[in-house]
Amino acid sequence: MSDLASSATPAERTPPGTPVRRERDPGGTSSEDRTPSLWRRCMDRDIGIVPLPVFVVLAALIAALAATGHITGELAVVIGIMVVFAFALAEFGKRVPVLRAVGGAAIFVTLVPSWLAHQGWIPGAAVESIGQFFTDTKVLSLFIAFVIVGSIMSMDRTVLVRGFARIFVPLLAGSVVALLVGTAVGTATGLGLTHTVFFVVVPIMAGGVGEGAIPLTIGYAGVLGVAQGELLARVLPAIFVGNLTAVLLAGLLSQVCRRRPDLTGNGRLDAGEGPDLLEAAESGGGGRTSVTVQQVAAAGITAVTLYLAGVLAHSLLGWPAPVVMLVLAVILKVAHG
């Protein structure tokens, strides 16, 4: 009997009529409180990176500012406008059946705002304030600095040096062949040699919009003395078609390589019998390390420093600032380790 009594649950040992005390977890939450409330479920639902209730309130505030004519070029207002439209369009793009498989979010965010502005569905004051903001602050240049410096500095030095040395020849050969084939096709179709090389082939090979088209057209603008927005509009169609083709071909190659994994090198970055570069880098890193606020601030100042060095090189020598930033970032990474 004592064994039975000791094995009984607290509810079974409690006399009838006595209130049963609910068990609580170490955090002090009862078992009945563990079911998420409606508010918590809404806060856990994100539009982009913004919780749903915050996004709804932000969109309502932007609509109220537009209705009352109080849209200004203030930084907070510009950020709010861009967040509402960009994240909303990205959510739509991720849910379109066909486009979501080929980067629908990026396509919607890049193309649809221009169409909405042309149709007058975005308030003119918002369009003007955002355009003035980008023109006055040149924030795109700072964005490019963070992208270039952050990408290089976050790489493992061994992978950067040894990996580049091993893939340099096939990378160079593939780039030359792609340049020649693209130029030949564009020239044969009547686009002209100069237009084909600088506004079709090179932008496609530069790699995307944020990391390729924007810094490339910034360099073009500095050399040609033309507005960067005009040059970006000229290269975007070719980039979108090239990216779409690349995504479709990558999907086809993925299906082939799933059936023939030996064609991919079995997941290795480099061929050979020794340890793979990526495996060696991951094993030697000792796992993830915590990042402090000081380190983030130091990385930001480093990016700004290299950006200003690129600006100075452009002012004195006429060299494109993004290219100078890239070279300096690689040199700094190789020298520092």
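Being a predicted model, the structure only gives us computed values, none of them experimental. Computed over heavy atoms, backbone and side chain alike; hydrogens, waters and symmetry mates excluded.
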**Study point:** Residues Leu75, Thr137; criterion side chain to side chain contact (heavy atoms under 4.5 Å, CB included); working and verdict
**Key:** CA-CA 10 Å; Leu75 178 61; Thr137 62; over 6 Å; no
Check your understanding: To the nearest 0.5 Å, how far apart are CE in Met82 and CZ in Phe134?
Key -> 4.5 Å
Point to revise | Criterion side-chain contact (heavy atoms from CB on, under 4.5 Å) against Leu179, the qualifying member of Thr183, Val176, Val177 | key: Thr183
Exercise for review: Take Phe87 and Leu58, measure what side chain to side chain contact (heavy atoms under 4.5 Å, CB included) needs, and give me the verdict at the end.
Suggested key: CA-CA 12 Å; Phe87 288 150; Leu58 179 60; over 6 Å; no
**Study point:** Heavy atoms from other residues, nucleotides or ligands near CD1 of Ile49 exceed 12 (cutoff 6.0 Å)
**Key:** no
Check your understanding: What distance separates Met325 CE from Leu308 CG, expressed to the nearest 0.5 Å?
Key -> 10.0 Å
Check your understanding: In this structure, are over 12 heavy atoms from other groups packed under 6.0 Å from Gln119 atom CD?
Key -> yes
Check your understanding: Minimum heavy-atom separation for Glu230 to Val226, with atom names?
Key -> OE1-CG1, 3.5 Å
Review point. Which value, rounded to the nearest 0.5 Å, describes the distance between Thr187 atom OG1 and Leu193 atom CG?
Key: 5.0 Å
**Study point:** Ile81 reachable from Trp115 in the ILVMFWY side-chain graph, under 4.5 Å edges
**Key:** yes
Review point. Does atom CD of Glu128 have more than 12 heavy-atom neighbours, drawn from other residues, nucleotides or ligands, at distances under 6.0 Å?
Key: no
Review point. To the nearest 0.5 Å, how far apart are CG in Asp44 and CH2 in Trp39?
Key: 11.0 Å
Practice item. Could you walk me through whether Ser129 and Val77 pass the side chain to side chain contact (heavy atoms under 4.5 Å, CB included) test, one step at a time? Key: CA-CA 9 Å; Ser129 63; Val77 177; 5.5 Å; no
Exercise for review: Given side chain to side chain contact (heavy atoms under 4.5 Å, CB included), test Val96 with Phe108 step by step and report yes or no.
Suggested key: CA-CA 10 Å; Val96 177; Phe108 265 59; 3.8 Å; yes
Review point. What closest approach, in Å, do Ala238 and Phe199 show between heavy atoms, and which atom pair accounts for it?
Key: CB-O, 4.0 Å
Practice item. Locate the shortest heavy-atom distance separating Ala227 from Ala221; write the atom from each residue and the value. Key: C-CB, 4.4 Å
Check your understanding: Between Ala233 and Pro237, which heavy-atom pair has the shortest distance, and what is it?
Key -> O-CD, 3.2 Å
Check your understanding: Any salt bridge (Lys or Arg N to Asp or Glu O under 4.0 Å) pairs touching residues 294-310, not counting sequence neighbours?
Key -> none
Review point. Is there a side-chain contact between Ile204 and Thr245, using heavy atoms and a 4.5 Å cut-off?
Key: no
Review point. Where is the tightest heavy-atom contact between Val235 and Pro203, given as atom of each residue plus distance?
Key: CG1-CG, 3.8 Å
Exercise for review: Output the distance between atom CD1 (Ile239) and atom CE (Met205), rounded to the nearest 0.5 Å.
Suggested key: 12.5 Å
Practice item. Kindly work out whether a path of hydrophobic side-chain contacts (I/L/V/M/F/W/Y, heavy atoms less than 4.5 Å apart) joins Val201 to Val181. Key: no
Check your understanding: Is it true that Val241 and Leu236 fall in one hydrophobic cluster, defined by side-chain heavy atoms closer than 4.5 Å?
Key -> no
Practice item. Check whether Ile47 and Leu61 end up in the same hydrophobic cluster, where Ile, Leu, Val, Met, Phe, Trp and Tyr are linked by side-chain heavy atoms less than 4.5 Å apart. Key: no
Check your understanding: So does Phe198 have more than 12 non-hydrogen atoms from other groups sitting under 6.0 Å from CZ?
Key -> no
Review point. Under a single-linkage definition using a 4.5 Å side-chain heavy-atom cutoff for Ile, Leu, Val, Met, Phe, Trp and Tyr, are Val149 and Ile301 assigned to the same hydrophobic cluster?
Key: no
**Study point:** From Ile130 atom CD1 to Ile79 atom CD1, the distance as rounded to the nearest 0.5 Å
**Key:** 11.0 Å
Review point. What pair of heavy atoms forms the shortest contact from Val50 to Phe55, and how long is it?
Key: CG1-N, 3.7 Å
